[in-house]
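Residue numbers begin at 1 in each chain, while the letters A, B, ... track the order of the sequences. Keep in mind the model is a prediction, meaning the values are calculated, not measured. Just the heavy atoms: all of them, side chains too, but no hydrogens, waters or symmetry mates, feed the values below.
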There are 2 protein chains.
Amino acid sequence: MSSQKSGTAAEPAMERRNGISLWRQIADQIRLAIGSGEFADRLPPEVVLAARFGVNRHTVRSAIAALEQEGVLRAEQGRGTFVKRKQKLAYPIGVRTRFSEGLRGQARDRRGVLLDHAVEASDQRTAEALNLAAGSQVLRLETVSEADGRPVSRATSFFDVARFSGLENHYRDSGSITIALKSLGILDYFRRMTLISARHASASDLSDLRLSPGAIVLVTVYVNVDAEGVPIQYSETRFAADLVELSVN
Amino acid sequence: MSSQKSGTAAEPAMERRNGISLWRQIADQIRLAIGSGEFADRLPPEVVLAARFGVNRHTVRSAIAALEQEGVLRAEQGRGTFVKRKQKLAYPIGVRTRFSEGLRGQARDRRGVLLDHAVEASDQRTAEALNLAAGSQVLRLETVSEADGRPVSRATSFFDVARFSGLENHYRDSGSITIALKSLGILDYFRRMTLISARHASASDLSDLRLSPGAIVLVTVYVNVDAEGVPIQYSETRFAADLVELSVN
DNA sequence: CAAATTTGTCTATTGATATATACAACCATA
DNA sequence: TATGGTTGTATATATCAATAGACAAATTTG
């Protein structure tokens with residue numbers, strides 16, 4: 001997509017005094033360029049990047065330092081700066097969306113970790129989504145899903161506690177919602193609805209997903225239903241946007 | 001979703017020295033709070049917000065100034081600060097995704113504006129997506145879609161010029177891809193695939209979508225096919241993420 | 001009208017960002 | 001081993017971001 005740079009001319013032109021520091025804007029640009037295949041395995045020299053973005057070399061260095069911290073780049077004195085991690089994961093969303101299945105072939109290890117759980121009174125939206133009486137008791141799970149040891153998404157999920165009591169233990173053991181539900185008699189389930197939005201990551205998501213401050217998350221809010229069409233799960237999942245893209249087929 | 005603040009304690013705690021200025025982080029928080037229904041029609045006084053976010057009143061004022069610029073807030077001396085625009089538009093994505101249909105009932109006027117068009121050699125990805133020989137001539141349309149006069153999305157679309165020569169004129173006249181395609185004999189079409197990601201808006205998208213610097217865009221890359229399943233359109237659309245959420249059913 | 005509440009403006013100070021310039025350290029290779 | 005290319009470090013300066021305190025201007029309320 002998008003137009004190519006012409007000659008030695010500068011990039012889209014970084015914006016100044018708009019609340020985002022230049023080094024962060026440049027870090028985002030570099031991350032983007034890596035994702036799109038340009039900068040396949042190593043970066044151009046710092047002076048070249050500085051010219052391209054129209055900024056001082058030190059500013060580029062700040063950007064590179066941030067991406068090093070983030071685990072995207074590795075700078076070696078005298079040699080150059082190299083790309084450690086490159087491609088985004090494609091996470092398919094559809095009627096039969098499942099985390100582990102979705103990333104099959106893109107990552108070897110795929111598992112979920114239970115951070116926290118609680119039984120509590122549902123708020124209005126949750127009760128509506130699960131088709132329960134307002135204020136009914138629901139089980140809330142706070143989870144992180146990892147691919148090859150790297151956290152890719154952070155979810156908050158609600159279940160009818162009357163039907164799914166003890167789900168948290170099955171999830172903790174298996175690291176999979178699909179398997180945990182199977183243990184409680186749900187052999188199959190389907191996604192009814194997904195809302196997708198994007199925002200800056202909250203402080204807690206930053207730490208759970210090990211992101212650099214200012215990172216973006218893709219947010220999916222969805223309802224899963226059983227074979228009879230009865231809602232069983234209402235969730236919000238935050239994906240690290242620099243690591244994942246969603247695909248709808 | 002998510003936990004509530006307790007008493008007078010400060011918010012998620014703004015992060016410092018991470019490339020995002022405090023006033024911008026706070027502006028994002030306020031925008032979020034408006035979207036989630038808190039701050040329904042007016043903001044708490046600046047001193048209260050300053051205490052809540054744990055910053056100086058002037059910093060809050062910078063955030064409010066940015067949101068005023070953006071058209072979200074309106075501050076009135078002596079009275080308070082009021083919300084001008086609140087709800088997000090829900091943009092449905094599915095087999096029969098169409099811009100105007102999707103926003104029916106959410107906005108009165110919905111139309112597309114042609115910014116630019118060109119006939120050029122396709123790059124590899126475009127040729128593959130449209131199932132053309134590499135380097136074939138394609139028609140590129142640069143468009144902005146508006147709802148009630150406000151730009152909500154910015155698209156770059158490619159068509160096989162051999163089949164859709166003159167499409168740009170039909171689009172300019174009608175403001176609709178669906179109608180333009182109909183004029184050229186495509187009575188119906190379907191979406192085959194959609195990829196969704198998120199990133200910071202580019203400088204040009206910022207201006208086309210009238211966004212504040214640092215804003216986020218939701219990006220959809222997709223292929224539309226005709227009734228026989230032949231690809232006809234390959235596009236990338238950038239949605240203003242503070243205005244739109246995508247829904248998948 | 002007076003008081004309280006709220007946004008708007010001003011001045012001063014501190015720390016983070018960004019620029020400019022110079023040079024050191026390290027690496028590849030001719 | 002000498003040279004050129006590259007990252008790392010240092011110093012100085014200017015601008016932006018954030019804090020602090022005080023007061024003006026407009027509006028609402030008693």
Side-chain angles (χ1 to χ4, degrees), chain A residues 8 10-30 39 41-70 72-84 200 212-214, chain B residues 10-30 39 41-70 72-84 200 203 212-214:
Chain A
T8 58
E11 214 58 358
M14 302 294 109
E15 317 264 335
R16 300 177 188 233
R17 87 188 68 179
N18 37 3
I20 316 281
S21 59
L22 284 179
W23 63 262
R24 175 144 296 286
Q25 295 181 58
I26 287 164
D28 292 340
Q29 291 282 340
I30 293 175
F39 303 170
D41 55 327
R42 73 171 288 176
L43 258 54
E46 294 170 347
V47 274
V48 175
L49 288 173
R52 164 163 169 175
F53 293 119
V55 301
N56 191 275
R57 180 178 153 230
H58 292 294
T59 309
V60 169
R61 284 180 59 73
S62 299
I64 289 175
L67 292 173
E68 248 182 310
Q69 189 69 21
E70 203 177 314
V72 175
L73 297 177
R74 179 185 62 253
E76 295 179 27
Q77 180 168 154
R79 288 180 23 88
T81 304
F82 303 88
V83 176
K84 281 173 73 176
H200 288 115
S212 66
Chain B
E11 213 59 358
M14 302 295 110
E15 318 261 337
R16 294 170 194 240
R17 87 188 68 179
N18 36 359
I20 317 281
S21 60
L22 285 179
W23 63 262
R24 175 144 296 287
Q25 295 182 59
I26 288 165
D28 291 340
Q29 291 282 339
I30 292 175
F39 303 170
D41 55 327
R42 73 171 288 178
L43 258 55
E46 293 168 350
V47 273
V48 174
L49 288 173
R52 163 163 171 176
F53 292 119
V55 300
N56 191 276
R57 180 181 153 228
H58 292 293
T59 309
V60 170
R61 283 180 60 72
S62 298
I64 289 175
L67 292 172
E68 247 183 311
Q69 190 67 20
E70 201 176 317
V72 174
L73 297 177
R74 179 186 61 256
E76 295 179 27
Q77 181 169 154
R79 292 187 11 94
T81 304
F82 302 89
V83 176
K84 281 174 73 176
H200 289 115
S212 67

- request: Indicate for each nucleotide in nucleotides 24-30 of chain D, in 5' to 3' sequence, whether protein heavy atoms under 4.0 Å reach the base (B), only the sugar-phosphate (S), or nothing (-).
  value: -BBBS--

Counting side-chain heavy atoms from C-beta on, which of [options] comes nearest to [X]?
X     : options              : value
B:L22 : D:dG8, D:dT19, C:dT7 : D:dT19
B:S21 : D:dT7, D:dA17, C:dT6 : D:dA17
B:R61 : D:dA20, C:dG8, D:dT9 : C:dG8
A:H58 : D:dG8, D:dA10, C:dT7 : D:dA10

- prompt: Between B:E46 (side chain) and B:V60 (backbone), is there a donor-acceptor pair under 3.5 Å?
  reply: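 Looks like no, no N/O pair under 3.5 Å.
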
- prompt: Do B:R42 side-chain atoms and B:R79 backbone N/O form a donor-acceptor pair below 3.5 Å?
  reply: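 Such a contact is found between B:R42 side chain and B:R79 backbone.
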
message: What contact category does B:S62 fall into here, base, sugar-phosphate, or nothing, at under 4.0 angstrom with non-hydrogen atoms?
response: nothing

message: Base of D:dG21, side chain of B:R57 - is there a donor-acceptor contact under 3.5 Å?
response: no

Approximate separation, where rounding is to 0.5 Å, of [X] [atom1] and [Y] [atom2]:
X     : Y     : atom1 : atom2 : value
B:I30 : B:W23 : CD1   : CH2   : 12.0 Å
B:I26 : B:R52 : CD1   : CZ    : 10.5 Å
B:E68 : B:R61 : CD    : CZ    : 9.0 Å
B:T59 : B:R24 : OG1   : CZ    : 14.0 Å

Could you state the atom-to-atom distance from [atom1] of [X] to [atom2] of [N] in whole Å?
X     : N      : atom1 : atom2 : answer
A:E46 : C:dC27 : CD    : P     : 16 Å
A:R74 : D:dT7  : CZ    : P     : 13 Å
A:N56 : D:dA10 : CG    : C1'   : 14 Å
B:F53 : D:dT19 : CZ    : C1'   : 18 Å
B:L49 : C:dG8  : CG    : P     : 13 Å
A:R42 : D:dG5  : CZ    : C1'   : 10 Å
A:R24 : C:dT17 : CZ    : C1'   : 13 Å
A:L43 : D:dT6  : CG    : C1'   : 13 Å

message: On a heavy-atom basis, which atom in A:V83 and which in A:F39 lie closest, and how many Å separate them?
response: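 Nearest heavy atoms, A:V83 then A:F39: CG2-O, 3.5 Å.
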
query: Does a side-chain N or O from B:T59 land closer than 4.0 Å to OP1 or OP2 of D:dT19, or not?
result: yes

